Amino acid sequence: MAVGCGGAPLMPAGERAAPLLSGQEIAAFRSELWAFYREHGRKLPWRHTDDPYRVLLSELMLQQTQVARVLPKFEAWLQRFPDLRSLAEAPLPDVLALWNGLGYNRRAIYLQKACREVLSRYGGVFPRTEADLRALPGIGPYTAGAVCAFAFNLPAVFVETNIRAVFIQRFFSDSPEKVDDREILPLVAQTLDTENPREWYYALMDYGAELKRTVTNPTRKSRQYTRQSRFEGSFRQARGAILRQLTRQPSARLEEIAAAEGIELARIEAAARKLVQEDIIRAEGSRFCIRQD
C-alpha cells in the first residue's frame, strides 16, 4: 500500500490516529535501523542497480516468493531478457517457461505488458511518478512506490510485509486490536529519511525480515495479514501445471496434462477455463496452447 510523496491518507471516522512522533523519537528510530543495516544489510543483486526495469522485475518476482527462490531466477531472467525491449518482443511461451518455478504466472504476463506499454507510450523510458507507474499493467500502490524509491531514490511512502512488521513491533506491540496499514503509513511518512529513501527502505525491509525470524511474526497483528493458501490441491497448482506442460510442448489435451501432472481432470478443466478467460491460453479443438502474440 502506498500514498503519494505529499503525505498519508486521512483516517476514516472511528479509526485511531497514528501517534505524532517527536524529533527525538524519529532520530532514535532512524539511528537504530541505520546501525542494524550497516552491520546486517543484505547484499542482493537488485540493490546494485537503479534501472527501473530491473527494479520492477525484482519487485514482481519477490511478491509472495522467498528471496532464496528469486535469486537464481533473477539472474537467469536477465541473461535471457536483459532489458525491457527484449522482454517486450519475446514470445509469451518463452516468458512463461523462464518464469516457471516462481508461481503466480500472471506476474510475468503483467511485466511483459508493462514493458510493452513503456515502449509504446514513453519511448522505452519508465515514468517517474507513482500515478503513471500505477497506470501500467499489474503495478499496484506498493510496486509503484518501490520503483520510485529504488530506481529513482524518490521519497514515496509505502508499506509491505517487512516494513509492516517493523512498525507494528515498534509502535503497536501493546495494542490489543488489529493494526491497519492506514495507521502505519503516517508513521512511515514521519520517519522516512528523505535524503536517502532508497537505502532507508532497504534498512527497514532487512530489519523487518530479521524480526520475523527472531520473534513471533508482528504482522499477525495486521488487518492486512493473510496466510498463504496451501499449494497442494489448490487452484494455483492446477494453473501452474497447465502452463508448465504447455511451455514444454506446442499443445496438449487437458486429459494429457492431468495424467502427466497427477491432478484430477476436473481441477485442470476449471483452471483451463479461467486461463482461457484471461487470454493466457486458447483452445484449438480438443487441444490447448499458450496464446501467441
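Remember, it's a predicted structure, so these values are computed and weren't measured experimentally.
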Lys/Arg-Asp/Glu bridge criterion (N-O < 4.0 Å) met for [X], [Y]:
X    : Y    : answer
R164 : D181 : yes
R85  : E89  : yes
R80  : D94  : yes
E177 : K221 : no
E183 : K178 : no
E284 : R287 : no

Could you tell me the separation between the [atom1] atom of [X] and the [atom2] atom of [Y], rounded to the nearest 0.5 Å?
X    : Y    : atom1 : atom2 : answer
E25  : F171 : CD    : CZ    : 7.0 Å
S286 : E255 : OG    : CD    : 7.5 Å
E117 : L84  : CD    : CG    : 12.5 Å
E269 : I242 : CD    : CD1   : 9.5 Å
I168 : S175 : CD1   : OG    : 9.0 Å
T161 : N217 : OG1   : CG    : 6.0 Å

Could you check whether any side-chain N or O of [X] sits under 3.5 Å from a backbone N or O of [Y], counting only pairs where one atom can act as donor and the other as acceptor?
X    : Y    : result
Q66  : R69  : no
R107 : L102 : yes
E75  : P72  : no
S58  : V55  : yes
R30  : L192 : yes
Q112 : L87  : yes
E264 : A266 : no
S173 : R170 : no
S31  : A27  : no
Q190 : L21  : yes

| field | Given Q63, E59, E130, the one that forms side-chain hydrogen bond (donor to acceptor under 3.5 Å, both in side chains) with T143 | value | Q63

Please name the pair of heavy atoms, one in [X] and one in [Y], separated by the smallest distance, quoted to 0.1 Å.
X    : Y    : value
L185 : V157 : O-CG1, 3.7 Å
N162 : M205 : CB-O, 3.5 Å
R54  : P82  : NH2-O, 3.7 Å
I263 : A238 : CD1-CA, 4.3 Å
P93  : I290 : CG-CG2, 3.9 Å
L56  : A114 : CD2-CB, 4.5 Å

| Aromatic ring proximity, centroids under 6.0 angstrom, F29 and F167 | yes

Is there a path from [X] to [Y] through hydrophobic residues (I, L, V, M, F, W, Y) whose side chains come within less than 4.5 Å of each other?
X    : Y    : result
L246 : L275 : yes
F36  : V67  : yes
V118 : Y110 : no
F74  : L98  : yes
V125 : L133 : no

Any non-hydrogen side-chain atom of [X] less than 4.5 Å from a side-chain atom of [Y]?
X    : Y    : value
E32  : Y207 : yes
R223 : V179 : no
R291 : I281 : no
R244 : E261 : yes
V188 : I163 : yes

| Among side-chain atoms of S251 and R282, is any donor-acceptor pair under 3.5 angstrom? | no

| Passes side chain to side chain contact (heavy atoms under 4.5 Å, CB included), L57 versus L78? Steps please. | CA-CA 9 Å; L57 169 64; L78 291 176; 3.8 Å; yes

| task | Kindly indicate, with the supporting measurements, whether the criterion side chain to side chain contact (heavy atoms under 4.5 Å, CB included) is fulfilled by I280 and K274. | result | CA-CA 9 Å; I280 298 174; K274 185 64 173 176; over 6 Å; no

| task | Name all pairs fulfilling the side chain to side chain donor-acceptor pair (under 3.5 Å) condition that reach into residues 194-204, sequence neighbours left out, sorted by first residue then second. | result | Y37-E199

| field | side chain to side chain donor-acceptor pair (under 3.5 Å) contacts in which one or both residues fall within residues 43-53, not counting sequence neighbours | value | R47-D206, Y53-W77

| query | Taking it one step at a time, do D132 and F126 satisfy side chain to side chain contact (heavy atoms under 4.5 Å, CB included)? | reply | CA-CA 9 Å; D132 286 340; F126 270 86; over 6 Å; no

| field | side chain to side chain contact (heavy atoms under 4.5 Å, CB included) against Q169, all qualifying residues, sequence neighbours excluded | value | L211, P218

| Worked check of side chain to side chain contact (heavy atoms under 4.5 Å, CB included) between N105 and R239 | CA-CA 9 Å; N105 292 277; R239 287 174 61 99; 5.7 Å; no

